[in-house]
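Here is the structure we will look at, set down as structure tokens.
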Amino acid sequence: MIKNYKNRAIFFLFGIILIINTVLVTSVFFAFSSIIRKDYTQKLTSVANQTSVNANGIFSFFEEEIEIFINKYDVEEGLGGFSINMPDFVRMDSTSFENILIFKGEEPVYASTAQIVDFYRETGFDKKILEFTKNKSSGWIINEEKDDVSSPYESLVYVRTIYDTDIKERVGCVIAEVSQKQLIHLLNLDSAKDDVKQREFLPHSVGICVNDKIYFFDDGNTPKIISNTSELEAERNEMYFVNSIGEKKFYTVHNTKVMKNKISMVLFLLIVIFLVITFFSYRIFKFMVNEICERIDNLNRKMENYGDKSL
């Protein structure tokens, strides 16, 4: 009889302690994971803001480069004298852009590299550029035309409309293609790309929003284009942030693998602690119940012996 009560007592008391330990460990885990996520998100937000400011500065630098190019070579005033077929034409490669092309009306009249002349004449990208210049004086667009020689990947292009200084009418434009590798280098996306821990808070991809599309330049060679901003979703072990600076909107994508590893480590440690506490709690309660039951059993025996003697 005592043995049955002993087993019930152990099961009941140990069940209560098990429930209490489970609630406590679960609460501690959610508290720690919440602190880690909050701290990590705050740091990533700060880094994303700084990265967007740096990216905006880089794009502003490129925009200023075009203005310097236009002023240095009197493009607006001398547009009528440009000719793509001039044999003694001096090609100007002193800018930070990979390719530069000047349009007079709808015809290209200057190219910084010979390969891109036929490329632009054979595609519909020039029509897209000319349509752009009708509505804006300057801005960034995505060239989605690809060519095996001049443009093997989609590229990011800056367009600057040229106006006649007297009549203030549109007479042409300058377009300049930014190098993907140069952007990656300037944004520090090519450093220690294989060391996840070293790049714990640094973004592995940065994108700029252009006409509701997102052009991503990251640590790979091929750019990634999201056709609609509403379709952007964070992949596994990723977190992205959006920052608007002036008319530009930047996206930064960060790896959250280190954060999840920290949370997993906390979970592992708490599970080990839970198992240790559970094991020792069971042994302690079993010892206490056995001691109590043994003393009760001894007391019953003494009472029975005392009763027999009194008879």
Side-chain angles (χ1 to χ4, degrees), residues 1-52 192-207 218 226 229-243 250-304:
M1 192 70 175
I2 291 293
K3 186 176 181 180
N4 292 333
Y5 284 121
K6 180 177 70 175
N7 292 334
R8 290 180 184 179
I10 293 173
F11 178 78
F12 179 74
L13 294 174
F14 179 71
I16 293 175
I17 295 300
L18 187 64
I19 293 173
I20 293 173
N21 287 342
T22 303
V23 172
L24 289 175
V25 170
T26 303
S27 301
V28 171
F29 169 72
F30 281 112
F32 269 99
S33 61
S34 178
I35 292 172
I36 293 173
R37 289 181 186 276
K38 184 177 180 181
D39 179 68
Y40 202 86
T41 302
Q42 287 177 346
K43 291 178 180 177
L44 288 183
T45 302
S46 178
V47 172
N49 292 338
Q50 185 60 49
T51 302
S52 298
K193 62 182 181 180
D194 296 326
D195 192 342
V196 178
K197 191 171 183 180
Q198 186 173 344
R199 294 178 57 89
E200 181 176 358
F201 298 107
L202 296 177
H204 65 80
S205 183
V206 179
D218 53 26
I226 305 296
T229 53
S230 60
E231 296 176 358
L232 178 63
E233 294 182 359
E235 298 181 1
R236 185 180 179 184
N237 295 328
E238 283 187 352
M239 184 183 297
Y240 72 88
F241 298 86
V242 184
N243 289 286
F250 296 97
Y251 293 77
T252 57
V253 183
H254 303 256
N255 195 307
T256 59
K257 189 174 181 180
V258 175
M259 179 191 71
K260 292 182 178 179
N261 287 341
K262 290 180 179 179
I263 294 176
S264 299
M265 181 60 67
V266 170
L267 178 61
F268 173 76
L269 291 175
L270 288 176
I271 289 175
V272 171
I273 293 172
F274 173 78
L275 293 176
V276 171
I277 291 175
T278 301
F279 173 76
F280 282 105
S281 296
Y282 175 76
R283 295 298 298 269
I284 291 171
F285 274 100
K286 186 176 181 181
F287 173 77
M288 291 175 59
V289 171
N290 285 335
E291 285 293 319
I292 293 172
C293 290
E294 185 177 349
R295 293 186 180 186
I296 292 174
D297 190 45
N298 291 335
L299 181 61
N300 288 335
R301 288 175 184 175
K302 289 181 180 181
M303 291 177 63
E304 288 176 359

Any non-hydrogen side-chain atom of E238 less than 4.5 Å from a side-chain atom of H204? yes
Output yes when a side-chain donor or acceptor of T26 lies under 3.5 Å from a complementary backbone atom of V23, and no otherwise. no
I284 CD1 to I277 CD1 distance, which is reported to the nearest 0.5 Å: 10.5 Å
Just how far is it from atom CG of N49 to atom CG of N243, taken to the nearest 0.5 Å? 4.5 Å
Using 0.5 Å steps for rounding, measure from the CD atom of Q50 to the OG1 atom of T252. 11.5 Å
Find out whether S281 and T278 are in side-chain contact, i.e. whether some heavy atom of one side chain is under 4.5 Å from a heavy atom of the other. no
Answer yes or no: is there a side-chain heavy-atom contact under 4.5 Å between S33 and V266? no
Reported OH-to-OG distance for the pair Y251 and S52, which is rounded to 0.5 angstrom: 11.0 Å
NZ-CD1 distance between K260 and I36, expressed to the nearest 0.5 angstrom: 13.5 Å
side-chain contact (heavy atoms from CB on, under 4.5 Å) between L270 and V28, intermediate numbers included: CA-CA 8 Å; L270 288 176; V28 171; 3.9 Å; yes
Answer whether the closest heavy-atom distance between the side chains of M259 and L44 falls below 4.5 Å. no
Side-chain (H254) to main-chain (F201) donor-acceptor, under 3.5 angstrom: yes
Rounded at 0.5 Å granularity, tell me how far OH in Y40 sits from OG1 in T45. 11.5 Å
Looking only at heavy atoms, which two atoms of L18 and T22 are closest? And how far apart? O-OG1, 2.7 Å
Kindly indicate whether the side chain of R37, heavy atoms from C-beta on, has any atom under 4.5 Å from the side chain of I263. yes
Who are the side chain to side chain contact (heavy atoms under 4.5 Å, CB included) partners of L267, not counting sequence neighbours? F29, I271
Do F274 and N21 come close enough that some side-chain heavy atom pair is under 4.5 Å? yes
Which pairs pass side chain to side chain donor-acceptor pair (under 3.5 Å) with one or both residues in residues 261-273, sequence neighbours excluded? E200-K262
